[in-house]
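A short write-up of the structure that comes next.
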Amino acid sequence: AQSVTQLGSHVSVSEGALVLLRCNYSSSVPPYLFWYVQYPNQGLQLLLKYTTGATLVKGINGFEAEFKKSETSFHLTKPSAHMSDAAEYFCAVSDRGIQGAQKLVFGQGTRLTINP
Amino acid sequence: DAGVIQSPRHEVTEMGQEVTLRCKPISGHNSLFWYRQTMMRGLELLIYFNNNVPIDDSGMPEDRFSAKMPNASFSTLKIQPSEPRDSAVYFCASSFNTPNTEAFFGQGTRLTVV
């Protein structure tokens with residue numbers, strides 16, 4: 001079964017600084033990887049996903065992530081943090097479960113705080 | 001499409017009462033997921049359906065929890081009897097049953113059991 005580990009349950013950066021949220025996965029097959037964001041009192045929404053092709057994936061709100069097979073990583077970055085980026089971020093990997101049904105396996109989440 | 005629709009958005013109930021949470025998935029999606037989110041345990045997958053059939057309910061915490069999907073456009077999660085420790089935000093999500101597609105989440109139901 002696939003699994004995801006997010007390093008750091010809380011990350012704090014200053015406004016304008018680089019954002020780096022770490023995600024490592026384990027997968028026995030080529031993985032499909034996702035990053036979601038959750039703003040307060042809302043559901044999760046997709047930031048970006050990697051399926052095939054280019055390993056550097058661009059998403060919404062200036063975020064991007066790079067798939068590195070050799071490191072089994074899919075870290076999320078943004079060059080310059082905005083106050084509006086404060087949220088919880090979840091990394092996920094697609095897993096084929098019982099009877100072949102697909103499901104997403106989520107990491108524990110990283111809460112991003114932006115300091116003025 | 002209006003996205004995944006959950007109701008109610010907020011529910012406050014007394015311990016011992018039955019609670020029913022409702023979900024309407026995105027039209028055309030054939031997989032549906034129920035998640036629970038708490039501060040202590042994070043995001044937990046409770047159960048998921050494929051083509052209206054329950055596939056894996058190993059995440060359902062106790063027999064007090066049950067879920068149904070009578071048709072492709074409706075699902076319920078029921079807790080009977082409810083307990084204070086069931087207080088959480090419950091999310092429904094839907095997707096196509098393919099590995100390269102994302103799940104779309106509803107806004108969640110915040111359940112408080114007093």
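Lettering of chains follows the sequences in order, A, B, ..., and the numbering in each one begins at 1.
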| Side chain, backbone, both or neither: which part of A:Gln45 has a non-hydrogen atom closer than 4.5 Å to chain B? | neither
| task | State yes or no: do A:Val105 and A:Tyr89 share one hydrophobic cluster built from I, L, V, M, F, W and Y residues joined by side-chain heavy-atom distances below 4.5 Å, directly or via other members? | result | yes
| request: Identify whether A:Leu46 and A:Tyr50 are in the same connected component of the hydrophobic contact network (ILVMFWY, side-chain heavy atoms under 4.5 Å). | output: no
| query | Are A:Leu21 and A:Val93 connected in a single hydrophobic cluster, I mean Ile/Leu/Val/Met/Phe/Trp/Tyr linked by side-chain heavy atoms less than 4.5 Å apart? | reply | yes
| field | Identified side chain to side chain contact (heavy atoms under 4.5 Å, CB included) counterpart of A:Gln102 within the set B:Asn50, B:Asn30, B:Asn97 | value | B:Asn97
| request: Inspect the surroundings of CD in B:Glu62 and state if more than 12 heavy atoms from other residues, nucleotides or ligands are less than 6.0 Å away. | output: yes
| field | chain B contact via A:Asp95 - side chain, backbone, both or neither, heavy atoms under 4.5 Å | value | neither
| message | Is B:Arg9 close to chain A through its backbone or its side chain, or both, or neither, when contacts mean heavy atoms under 4.5 Å? | response | side chain
| request: Answer whether the closest heavy-atom distance between the side chains of B:Leu43 and A:Gln108 falls below 4.5 Å. | output: no
| Side chain, backbone, both or neither: which part of B:Ser95 has a non-hydrogen atom closer than 4.5 Å to chain A? | neither
| query | Crowded around B:Asn71 CG? As in, over 12 foreign heavy atoms under 6.0 Å? | reply | yes
| Atom CG of A:Leu44 and atom OH of B:Tyr35: how far apart are they, to the nearest 0.5 Å? | 8.5 Å
| Going by heavy atoms in the side chains, are A:Tyr32 and B:Glu102 under 4.5 Å from each other? | no
| Region of B:Ile55 in contact with chain A, defined by heavy-atom distances below 4.5 Å | both
| query | Is there a chain of hydrophobic side chains (I, L, V, M, F, W, Y, each step under 4.5 Å between heavy atoms) that links B:Phe49 to B:Ile26? | reply | no
| field | Region of A:Lys49 in contact with chain B, defined by heavy-atom distances below 4.5 Å | value | side chain
| What are the two closest heavy atoms between B:Arg110 and A:Asn41, and how far apart are they? | NH2-OD1, 3.3 Å
| field | Other residues, nucleotides, ligands: >12 heavy atoms within 6.0 Å of B:Arg64 CZ | value | yes
| Region of A:Tyr36 that comes under 4.5 Å of a non-hydrogen atom in chain B | side chain
| Residue among B:Gly108, B:Ala93, B:Cys92, B:Pro99 with most heavy-atom pairs under 4.5 Å to chain A | B:Pro99
| field | chain A contact via B:Asn100 - side chain, backbone, both or neither, heavy atoms under 4.5 Å | value | both
| chain A heavy atoms under 4.5 Å from B:Gln37: which part of the residue, side chain, backbone, both or neither? | side chain
| said: Let me check something: do A:Leu47 and A:Tyr25 share a hydrophobic cluster, defined by ILVMFWY side-chain heavy atoms less than 4.5 Å apart, either directly or through other members? | reply: yes
